[in-house]
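What follows is one structure encoded as structure tokens, with my remarks underneath.
A note on names: the letters A, B, ... follow the listed sequences, proteins ahead of strands, and every chain is numbered from 1. Worth saying up front: this structure is predicted, and the values here are computed from it rather than measured.
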Amino acid sequence: MRSLSHCYGSSCVEIMIRKRIAEVLEQSAVQAQEGGLIPKVSLPDVFIERPQNPDHGDYAATIALKLARAAKMNPLEIANSIAKFLPDIEGVESFSVVRPGFINFTLSKNWMIQQVDEILKRDDTYGDSSLGEGTRVQLEFVSVNPTGPLHVGHGRGAVLGSTLANVLSRSGYSVEREYYVNNAGSQMRNFYASLYARYREVLGLPSEMPSDGYFGDYVIDLAREIANERDEVFVGLPDEEAIAEIGQIGLEKVLSSIKEELQQLGVEFEVWFSEQSLYESGVFNKIMELMRQNGYVDGREGAQWFVSTELGEDKDNVLIRSDGMPTYFAADIAYHYNKFLERSFDKVIDIWGADHQGHVWRMKTAVRALGISPDRLQILISQMVSLRRGEELLKVSKRAGDIITLRELMDEVVTDVCRFFFLSRSADSHMDFDLELAKKESMDNPVYYVQYGHARIAGILRLARERGFDYTQGDVSLLTEDAELALIKKLLLFPEILEMVATTLEPQHLPYYAQDLATTFHNFYERCRVISGDTALTSARLKLVEATRIVMAKTLHVMGMKAPERM
RNA sequence: GCGCCUGUAGCUCAGUGGAUAGAGCGCAGCCCUGCGGAGGCUGAGGCCGCGGGUUCGAGUCCCGCCGGGCGUGCCA
């Protein structure tokens, strides 16, 4: 099969027939225009959809319907005109023009069946694409202040980010994952002071917590830990010095426990970027100067303001407080300057929690003020997570006393289930995480349903090996049952799912696909005996089973989950 | 008040402007002489919050209202 897209990799071949259909349709539409059958209006993006109704074929094009208005023609007539120029397409058996103007395509069964061999050949690169054409994209996520433990909402963002990183790197993007460590702001100072106060308290010395300090119990635990390890070495120091030193130790401890938890959740980063370094490297001063030169900085009330109203924002924002301390926002501007102009990422994706919503617009405005196209910055907001257990509904709030930490969640729920559940909801939606369902190790739990599918497949392949079957020469054309074809069709959908996730940055399609694939496989399994006395048929079916294993394992792996051989 | 998100089956949620709106759980049934029953099949259950609009076509886009969440600091 010939490749339709620019490939920069070695063994990159596109299996996506959908792309081919779109391309051919566009050409035919142009030809119809040149032949005078359709007025020469500008063509809409050719979108090929998957009809829900099998009577409508495997793919459907709506280009004629979309053209109708501009062309001032009956869409059916347009569709017929385009259809006149449609050449034969490999893999497409037939097409038909249907009222009110759809062009429906039906794939050739024979072609579809042959794709099983194609998948086996591709193995775990099946579904990879060159969509991104090597675009360098930075994915920044989690980036929680190291002032305390992660909560479940952070876990959601972490899973979202790591999954998108997997998908994008499979789709021809060069991806770098980064955690921005806010180790410089006033919140950190506040945390250090709180920790120091607790430390003195642990040692029975007079102490005073900052009024807006961190009152969580974990600070006391941390202080106790430090007191145990370091005894009373900080007692003799002047307060400022002691706070700085003990703060540094606290920061490292919190950070390493954050790292550990994320690792347990299957989330890793190439870069841990220090906010402090923005000041040390001079980028911060540089962007302040730049913004000043461009006339976006104004001093009033003792502070330095970003005059974002000049750029259409509804209010100005403080960059440097009247006490001389830069705001988080100002540091973030320097950080984004660093991302775009010093490290030259083509594209930056930030994943923030819903509580940072108000920051989105001004960040985009600031990027614009630096002369960078805001289109290169994409900010995803992951909404709140609520936990429930039966009737008990607990909201997760940083401010409230009863924080539910990611640690607590992971103590109860295994990683794969956490990941699958977090991924199953679109980032835009607030989610209810049902602990009861998550902990069930039964068919009620979709995670086990999917993984069971994989284990079942592994079991069949294991048995085949034990019985000495060599299916490498199997003839896939023996796969003619409806259940077999349905399974093959589902496998052919996989590259489209990956492309959709890479394009929309909405990974919830993955768990849904995984369930769908598992269901289709189980159905096939019920109807088609794989290992039987018919050696030829067995070999053919083993090929299909192996192809299914490849796709199912990959779907799970992209989601950061295990594909178990046994359960 | 203003900004962002959200409202789809009893519950939790999918649904790239298209043709008859889906899944899981729950509910009512059915299917084990053979590869993993942690399975398969069937059924009931919907004014897609409400009202306008755009469009050949709206769960999807726009406006208004109602309900829920988050934000709205010289916090991050």
Q) Paired with B/G45: which nucleotide, if any, by Watson-Crick or G-U wobble criteria at under 3.5 Å for both distances? A) none
(Q) Salt bridge or not between A/Arg527 and A/Glu481? Use side-chain N to carboxylate O under 4.0 Å. (A) no
Q: Indicate yes or no: does A/Glu436 engage A/Arg388 in a salt bridge with an N to O separation below 4.0 Å.
A: no
**Q.** Axial cation check for A/Phe494 ring with A/Lys490, 6.0 Å and 45° limits
**A.** no
Q.
Quick check, does A/Tyr452 stack with B/G36? I mean ring centres under 5.5 Å and planes off by under 30°.
A. no
(Q) Heavy atoms only, 4.0 Å cut-off, all strands: where does A/Arg527 land among base, sugar-phosphate and nothing? (A) sugar-phosphate
Q: Establish, for the pair A/Arg362 and A/Phe329, whether the NZ or CZ atom is under 6.0 angstrom from the six-membered ring centre and no further than 45 degrees off its axis.
A: yes
Q. Can a salt bridge be assigned to the pair A/Arg300 and A/Asp316 using a cut-off of 4.0 Å between side-chain N and carboxylate O?
A. yes
(Q) Among residues at least two apart in sequence or on other chains, which ones pass salt bridge (charged side-chain N to carboxylate O under 4.0 Å, His left out) with A/Arg189? (A) none
(Q) Distance check, P atoms only: B/G71 and B/G51, in whole angstrom units. (A) 32 Å
(Q) A side-chain contact here means heavy atoms from C-beta on lying under 4.5 Å apart; do A/Arg419 and A/Thr415 qualify? (A) yes
Q) Nearest to the side chain of A/Asp428, which nucleotide is it out of B/A19, B/U6, B/G36? A) B/U6
(Q) Need one value for A/Arg189: base, sugar-phosphate or nothing, where a base atom within 4.0 Å counts as base even if backbone is also close, heavy atoms only. (A) nothing
Q.
So, OP1 or OP2 of B/G36: does either fall under 4.0 Å of a side-chain N or O from A/Tyr449?
A. no
Q: For B/C27 and B/C66, measure between their C1' atoms and round to the nearest Å.
A: 32 Å
Q: Rounded to whole angstrom, note down the C1' distance from B/G18 over to B/A58.
A: 10 Å
Please tabulate, one pair per line, each protein N/O and nucleotide N/O from nucleotides 56-59 of chain B that are separated by under 3.5 Å, including the distance.
residue, atom, partner, partner atom, Å
B/C56, OP1, A/Arg69, NH1, 3.2
B/C56, N4, A/Leu65, O, 3.1

Q) B/C13: syn or anti, with syn meaning chi within 90° of zero? A) anti
Q) Restricting to pairs with a member in residues 524-546 of chain A, which pass ring-ring contact (aromatic ring centres under 6.0 Å, His included), not counting sequence neighbours? A) A/Phe521-A/Phe524
(Q) Quick test of your reading of the model: are A/Lys440 and A/Asp434 salt-bridged, counting only N-O distances below 4.0 Å? (A) no
(Q) Could you tell me the Watson-Crick or G-U partner of B/G64, where both distances fall under 3.5 Å? Say none if there is no partner. (A) B/C50
Q.
So, does A/Gln383 get its side chain near the phosphate of B/C4, meaning an N or O under 4.0 Å from OP1 or OP2?
A. no
Q. Rounding to a whole Å, what distance do you find between A/Arg50:CZ and B/G15:C1'?
A. 16 Å
Q) Contact class for A/Phe329 (heavy atom, under 4.0 Å): base, sugar-phosphate, or nothing? A) nothing
Q. With a 4.0 Å cut-off on heavy atoms, is A/Ser532 in touch with a base, just the backbone sugar-phosphate, or nothing at all?
A. nothing
(Q) From NE2 of A/His522 over to P of B/C41, roughly how many Å is that when rounded to an integer? (A) 10 Å
Q. Starting at CD of A/Gln451 and ending at C1' of B/G24, how long is that distance when rounded to a whole Å?
A. 16 Å
Q: Remember a base hit wins even if backbone is also touched, and classify A/Ala60 as base, sugar-phosphate or nothing at under 4.0 Å, heavy atoms.
A: base
Q. Hey, does the side chain of A/Ser186 come within less than 4.0 Å of B/A76's phosphate (OP1/OP2), counting only N and O?
A. yes
Q: Let me know the distance between CG of A/Asn182 and P of B/C75, rounded to the nearest Å.
A: 14 Å
Q | Side chain A/Asn190 and base B/A76 donor-acceptor under 3.5 Å | A | no
Q) B/A23 pairs with which nucleotide, Watson-Crick or G-U wobble, both distances below 3.5 Å? A) B/U12
Q. Heavy atoms under 4.0 Å, any strand shown: does A/Ala455 hit a base, just sugar-phosphate, or nothing?
A. base
Q: Give a yes or no on whether a donor-acceptor pair under 3.5 Å exists between the nucleobase atoms of B/A14, that is its base, and the side chain of A/His509.
A: no
Q: Determine the contact category for A/Leu463: base if any of its heavy atoms lies under 4.0 Å from a base atom, sugar-phosphate if only primed atoms, P, OP1 or OP2 are that close, otherwise nothing.
A: sugar-phosphate
Q.
Tell me which nucleotide, if any, is Watson-Crick or G-U wobble paired with B/U72 when both distances must be under 3.5 Å.
A. B/G1
(Q) Tell me which nucleotide, if any, is Watson-Crick or G-U wobble paired with B/C32 when both distances must be under 3.5 Å. (A) none
Q) How close or far is atom P of B/G71 from atom OH of A/Tyr328, stated in whole angstroms? A) 15 Å
**Q.** Distance-only donor-acceptor test, A/Asn53 side-chain atoms vs B/U20 base atoms, 3.5 Å
**A.** yes
Q: Could you pick out which residue, A/Ser143 or A/Asn104, lies toward the 5' side of RNA chain B when each is mapped onto its nearest nucleotide?
A: A/Asn104
Q: Identify, with sequence neighbours excluded, every residue that meets salt bridge (charged side-chain N to carboxylate O under 4.0 Å, His left out) alongside A/Lys66.
A: none
Q) Is there a Watson-Crick or G-U wobble partner for B/G57 with both distances under 3.5 Å, and which nucleotide is it? A) none
Q) Along nucleotides 7-12 of chain B, 5' to 3', which nucleotides get a B, which get an S, and which get a -, given that the test is a protein heavy-atom distance under 4.0 Å? A) ----SS
Q: Start with the C-alpha gap between A/Arg50 and A/Asp58, add the side-chain angles, then the distance that decides, and say whether salt bridge (charged side-chain N to carboxylate O under 4.0 Å, His left out) holds.
A: CA-CA 6 Å; A/Arg50 287 259 187 181; A/Asp58 297 300; 5.3 Å; no
Pair up each side-chain donor or acceptor in residues 536-551 of chain A with any protein partner under 3.5 Å, not counting sequence neighbours, and list the distances.
residue, atom, partner, partner atom, Å
A/Thr538, OG1, A/Val530, O, 3.4
A/Thr538, OG1, A/Ser532, N, 3.1
A/Thr538, OG1, A/Ser532, O, 3.2
A/Thr538, OG1, A/Ser532, OG, 3.3
A/Thr538, OG1, A/Asp534, O, 2.8
A/Ser539, OG, A/Thr535, O, 3.1
A/Arg541, NE, A/Glu484, OE2, 2.5
A/Arg541, NH1, A/Arg529, O, 2.7
A/Arg541, NH2, A/Glu484, OE2, 3.1
A/Lys543, NZ, A/Asp117, OD1, 2.8
A/Lys543, NZ, A/Gly474, O, 2.8
A/Glu546, OE1, A/Arg549, NE, 3.1
A/Glu546, OE2, A/Arg549, NH2, 3.1
A/Thr548, OG1, A/Leu544, O, 2.8

Q: May I have the distance from A/Leu67 (atom CG) to B/U55 (atom P), rounded to whole angstrom?
A: 18 Å
Q. What's the CZ-C1' distance between A/Arg156 and B/C5, to the nearest Å?
A. 11 Å
Q) Between atom CD in A/Glu313 and atom C1' in B/C4, what is the gap in whole Å? A) 13 Å
**Q.** Of A/Asn523 and A/Glu506, the one whose closest RNA chain B nucleotide lies more 5'
**A.** A/Glu506
Q: Assign A/His56 to base, sugar-phosphate, or nothing according to its heavy-atom contacts below 4.0 angstrom with the strands shown.
A: base
Q.
Test salt bridge (charged side-chain N to carboxylate O under 4.0 Å, His left out) on A/Glu496 and A/Arg18; report intermediate values, then the result.
A. CA-CA 8 Å; A/Glu496 294 176 26; A/Arg18 181 161 124 165; 3.2 Å; yes
